[in-house]
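First comes the structure, then the notes that go with it.
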Amino acid sequence: MSHPIPVILDCDPGHDDALAITLALARPELNVLGITTVGGNAGLENTTRNALRILALLNRPDVPVAAGIDDPLLRPLETAPEVHGKSGLDGADLPEPISEARPEGAIAFLAATLAASPEPVTLIPTGPLTNIGLLLLAHPELKPKIARICLMGGAMGAGNWTPSAEFNIWVDPEAARIVFRSGLPITMCGLDITHKALMGLPEVDRLRALGTRPGDVFADLLFFFTRFHLERYGTADTPIHDAVAVAAVALPHLVGTRPHHVDVEVNGELTRGMTVVDHRGQPGKTPNVDVALDIDRAAFAELVIEAVASFR
Ligand code: RIB
Ligand code: CA
């Protein structure tokens, strides 16, 4: 295997963000340089604390964490307590943090880490794109140090927060537009693929059967996460959205993609936060994004359970 890919996760833990962090730290193909946090599923204080608690659970206090921006660039923050609970990571007995967030904050941490890296770094955002949009605005000179942005967000089809918008893009459409128009290589792991990356009650049982603290905690977290989906969609089969973006970097052969031109609507009364995907190769719409569309559900679930099982 070639040497591990340097990555930075930018997230809003969040139940699926927690599994994304676990998968990233478990995969030998990846070298996690750090985790930055953003307001999204919950406010920044909670998402940062949740990231630190997951690292305590995995006994990885060595992984740097830097808190980013609480509010979107131009709009008030909208959170998702009905999905992730008041804390942003309800439903399990998580340990207290055993490390602290870096004093310099996410943008400075991202800039310093990119500048210091001997090779371009892959960014894996799994929350609203506020931090990444700001990084690109503040440090355009660092674009050559970004190998790819493999993000969870958007959709070719229907949204999940509004009929036209997926939550991460909805929360900060202006930041998302900066990212999609950056000219950087982008992979969009939107709802089209994440709704094929399902885990449900059988996987809760398999996690519990691991007989480890991480196994028990993620069994409880997944069970909590399935509750919203059961109430909203009538099935406990739950998309583990964010872990797909990690899998797409670590094991790209698992993810089918197709190039499309994608831009972000920021003004629409009904379409704010929509990822507008050119389906037909319209003239003048050169593809700028690899849109992830396919993944094998069983292989994905195995990957995630194997990752949790690798921590004792
Ligand atoms: O729409 C799903 C996305 O919104 C996921 O990243 C989830 O964690 C929330 O942030
Ligand atoms: Ca997320």
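Atoms within a ligand are numbered from 1 in the order they appear, just like the ligands themselves.
If you look at ligand 1, the protein residues with a non-hydrogen atom under 4.0 Å away are D12, D16, D17, N41, T126, M152, N160, E166, F167, N168, H241, D242.
When all heavy atoms of K145 and S117 are compared, the closest pair comes out as NZ-O, 2.7 Å. The shortest heavy-atom contact between I69 and V38 is O-CG2, 3.5 Å.
The distance cut-off of 3.0 Å around the Ca ion (ligand 2) captures these protein N, O or S atoms, sorted by chain and number: D12 OD1, D17 OD1, D17 OD2, T126 O, D242 OD2.
R49 and E45 are not joined by a salt bridge, as no carboxylate oxygen comes within less than 4.0 angstrom of a charged side-chain nitrogen.
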Between F225 and V83, does the side chain to side chain contact (heavy atoms under 4.5 Å, CB included) criterion hold? Intermediate values first, please. CA-CA 7 Å; F225 198 27; V83 185; 3.7 Å; yes
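More than 12 heavy atoms of other residues, nucleotides or ligands shown are found within 6.0 angstrom of NZ on K143.
Using modelled atom types, no side-chain atom of D172 and backbone atom of L129 make a donor-acceptor pair closer than 3.5 Å. Looking at T36, its side chain never comes within 3.5 Å of a backbone N or O of I8 through a donor-acceptor pair.
Contact annotation: the side chain of V249 approaches that of L30 to within less than 4.5 Å [non-hydrogen atoms, C-beta and beyond].
Ring-plane geometry between H15 and F224 is classed as parallel, the angle between the planes falling under 30 degrees on a 0 to 90 degree scale with a further cut at 60.
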